[in-house]
Q: 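This is the structure I have questions about; it appears just below.
Residue numbers begin at 1 in each chain, while the letters A, B, ... track the order of the sequences. The figures that follow rest on heavy atoms only: side chains count, while hydrogens, waters and symmetry mates do not. What you see is a predicted model, and the numbers here were worked out from it, not measured in a lab.
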2 protein chains.
Amino acid sequence: MDVRRLELLRELAERGSITEVARATHRTPSAVSQQLRVLEREAGLPLTEKAGRGIVLTDAGRALARSAADVAVAIEHANALWDEFRNDPTGEVSLATFPTGGQMLLPGTVKRLDAIGGLTLHCSDRDPESDDFPALTADFDIVLAHTASPAAMNWPSNEITVVKLMTEPLDIALPPGHPLASKELLDPEDLIGERWIGVPWGYPFEKAIQDISTAAGTPMNVVQRFGDTRVTEAFVANGLGIAILPCYTAGGAYRSEIVLKNLRGVVSERHIFALIRPDRAERLAVRTVVDALRAEADAVVAANAHRNPPYPA
Amino acid sequence: MDVRRLELLRELAERGSITEVARATHRTPSAVSQQLRVLEREAGLPLTEKAGRGIVLTDAGRALARSAADVAVAIEHANALWDEFRNDPTGEVSLATFPTGGQMLLPGTVKRLDAIGGLTLHCSDRDPESDDFPALTADFDIVLAHTASPAAMNWPSNEITVVKLMTEPLDIALPPGHPLASKELLDPEDLIGERWIGVPWGYPFEKAIQDISTAAGTPMNVVQRFGDTRVTEAFVANGLGIAILPCYTAGGAYRSEIVLKNLRGVVSERHIFALIRPDRAERLAVRTVVDALRAEADAVVAANAHRNPPYPA
DNA sequence: TACGTCCATGTAGCGACTCTACACCGTAGC
DNA sequence: GCTACGGTGTAGAGTCGCTACATGGACGTA
């Protein structure tokens with residue numbers, strides 16, 4: 001019945017082991033184990049059971065953990081009301097981002113927050129191969145995530161608050177001297193036979209390249225695979241291949257050595273979201289940051305409107 | 001941010017004074033005062049202000065108290081899930097009733113609960129002049145309440161869970177030898193000139209007598225006023241006047257010395273409810289008792305169906 | 001089979017927290 | 001004025017949850 005203990009159970013459900021919970025909550029495993037033991041005694045039924053050298057939650061444990069989330073939401077709602085009343089979002093907000101998203105949105109967002117004043121935003125980037133964005137919400141207030149298609153968004157929407165920020169077109173990146181660089185719009189067939197600089201298996205852009213292959217009727221020839229777009233850009237700028245890159249962020253140091261072209265006939269875009277655990281989403285400070293992110297995303301889209309013609313069907 | 005402190009604030013909002021909160025929560029006023037002080041320091045803004053020799057909540061305090069109720073609901077929801085899982089409603093349930101309601105429903109309800117087994121129901125009756133039924137929900141899990149008209153139910157439905165149990169007709173009680181006792185149905189005009197045994201000012205039945213006066217076009221002559229229906233019944237049985245009494249409960253020791261007659265043209269009935277504070281309503285034990293109350297109320301209505309003809313409009 | 005590692009869990013003791021007991025102060029009513 | 005009442009301070013005691021350290025079982029490897 002004690003809320004702090006319930007919260008521990010919920011952490012256990014999210015993280016899977018007592019040691020991990022202890023690390024996340026800055027306690028010793030012994031303390032966590034003791035508290036869970038008390039909770040189990042109060043509950044009157046087993047909440048965990050041994051599994052190998054670790055433990056797993058029982059059905060009852062999982063159910064209780066879920067209701068613990070509701071309690072957390074109610075408590076954070078009270079905290080938010082609190083902040084609202086003194087009109088002063090307090091505390092620190094942590095944010096995890098994928099590299100290109102952070103590059104595109106975070107400087108502007110931080111400037112917007114500085115203009116408001118009062119709260120501090122701690123950002124850090126996470127390796128983009130981690131396609132398990134929702135898991136990061138246990139450690140960060142806000143997680144920036146992207147997917148190739150909204151259909152691939154198999155995130156549990158009742159356990160994760162999803163805020164759509166923007167849709168960014170994916171363009172074909174060519175070196176300036178490339179024969180295709182003079183065309184206004186590219187068709188998938190144009191790209192047959194090109195050498196591609198792709199992404200590692202499982203990265204979001206992979207799907208876009210597959211779609212192009214399907215539309216062209218021939219598999220694309222991916223000769224390199226990089227996770228960091230700056231490496232990709234360096235290769236393209238040096239004439240070593242073509243690539244598919246997010247339209248608003250591509251370029252950077254190679255702005256004058258890369259040409260971006262719209263692709264016709266294939267829906268190539270990525271969708272960028274903010275993911276937040278519902279209880280954290282209640283905090284006024286968190287909501288303020290999300291609002292700033294949305295405003296910044298809108299501004300980026302507006303600033304790039306001229307390069308973003310409507311796609312033919 | 002501590003839940004126990006929030007709960008204290010909520011008690012303060014409900015009860016209005018620190019001393020009362022201390023009494024209700026089995027603490028000393030000093031302890032309550034200290035905890036509220038800490039809460040206020042955490043909040044960073046004043047939650048209470050002095051008023052005479054007592055205190056009142058500020059707007060912020062009231063708002064926080066309201067969100068504390070949401071937290072309580074979430075916590076009790078978790079507790080209920082708990083009970084659900086071990087399939088065993090635990091703990092004790094307290095119930096406050098008005099006398100005739102308790103007489104009519106509680107014996108059967110307790111029998112039903114005994115058949116299920118496992119939980120204990122503590123009942124006590126409260127003076128019926130207390131028309132402030134909702135306030136009792138702070139001290140009892142379930143409060144049985146009645147009103148003459150549902151319109152008079154000005155209970156805040158978002159702060160109180162209201163469960164309708166039954167509608168009980170109000171009949172005219174006559175001594176057996178009374179001239180009107182031979183009529184099948186009575187009209188308001190029949191009652192002009194009768195001596196009435198009424199209820200104290202403010203009791204629910206008062207409205208029914210007023211409605212009859214309006215329908216008859218003449219004020220009724222109330223010569224006695226009793227809160228306890230047994231006294232009223234004794235007077236009616238002894239031929240000292242007529243009265244309006246709840247159909248299913250009237251009689252008792254005077255069953256053979258009282259005649260009950262339906263009244264035509266006036267909607268005379270009382271509505272019986274169970275009132276529960278939303279957080280308490282989450283408990284499985286409480287819901288089990290409410291279910292038993294509803295079943296018993298249905299049974300009482302069914303058993304009396306023959307005396308309950310539909311009212312002409 | 002023996003060993004090291006990992007994870008969960010006991011035990012002792014320390015520190016923080018929240019309660020009680022009691023004293024004090026301001027307000028209201030006789 | 002006195003008395004009653006409600007709220008607030010202070011000192012001390014009990015409880016609770018944490019750490020530090022030791023124990024024991026499960027898995028992987030030599």
Q: Whole angstrom is fine here: how far is it from CD in B:Q34 over to C1' in D:dT8?
A: 9 Å
Q: For C:dC19, take OP1 and OP2 only and decide whether either is under 4.0 Å from a side-chain N or O of B:T28.
A: no
Q: How long is the line joining CD of B:E49 and C1' of D:dT8, in whole Å?
A: 17 Å
Q: Considering residues at least two apart in sequence or located in another chain, which fulfil the salt bridge (charged side-chain N to carboxylate O under 4.0 Å, His left out) criterion with B:R66?
A: none
Q: Using heavy-atom distances to pick each residue's nearest nucleotide on DNA chain D, tell me which of A:D2 and B:G54 is more 5'.
A: B:G54
Q: Between A:K50 (NZ) and D:dA26 (P), how many Å, whole number?
A: 8 Å
Q: Output, in order, the C-alpha distance, side-chain angles, deciding distance and verdict of salt bridge (charged side-chain N to carboxylate O under 4.0 Å, His left out) for B:D2 and A:R4.
A: CA-CA 9 Å; B:D2 182 66; A:R4 287 164 33 83; over 6 Å; no
Q: Reckon A:R5 has a side-chain N or O less than 4.0 Å from the OP1 or OP2 of D:dG17?
A: yes
Q: Out of D:dG17, D:dT8, D:dT19, which nucleotide sits closest to the side chain of B:S33?
A: D:dT8
Q: Side-chain donor-acceptor pair under 3.5 Å between B:R23 and B:S17, yes or no?
A: no
Q: Determine whether any donor atom in the side chain of B:S30 lies under 3.5 Å from an acceptor atom in the base of D:dG7, or the reverse, and answer yes or no.
A: no
Q: Can you measure B:R27 atom CZ to C:dC17 atom C1' for me and round it to whole angstrom units?
A: 13 Å
Q: When the ring planes of A:F98 and A:H146 are compared, do they come out parallel, tilted or perpendicular, using 30° and 60° as the limits?
A: parallel
Q: Could you tell me the separation between the CG atom of B:L39 and the C1' atom of C:dC17, rounded to a whole number of Å?
A: 15 Å
Q: In whole angstrom, what separates B:R37's CZ from D:dG9's C1'?
A: 9 Å
Q: For B:R4 and C:dT18, give me the distance from atom CZ to atom P, rounded to whole Å.
A: 7 Å
Q: Going by salt bridge (charged side-chain N to carboxylate O under 4.0 Å, His left out), name the residues that satisfy it together with B:R53, two or more places apart in sequence or in a different chain.
A: none
Q: Quick one: does B:T58's side chain have a donor or acceptor within less than 3.5 Å of a partner on B:P46's backbone?
A: yes
Q: Whole Å only: how far is the NE2 atom of A:H26 from the P atom of D:dC18?
A: 13 Å
Q: Among residues 6-25 of chain B, which residues get a heavy atom nearer than 4.0 Å to DNA chain D?
A: B:S17, B:I18, B:T19
Q: At 4.0 Å (heavy atoms only), tell me whether B:Q35 reaches a base, stays on the sugar-phosphate, or touches nothing.
A: sugar-phosphate
Q: Distance-only, no hydrogens or angles: does the B:R280 side chain make a donor-acceptor pair with backbone N or O of B:T137 under 3.5 Å?
A: yes
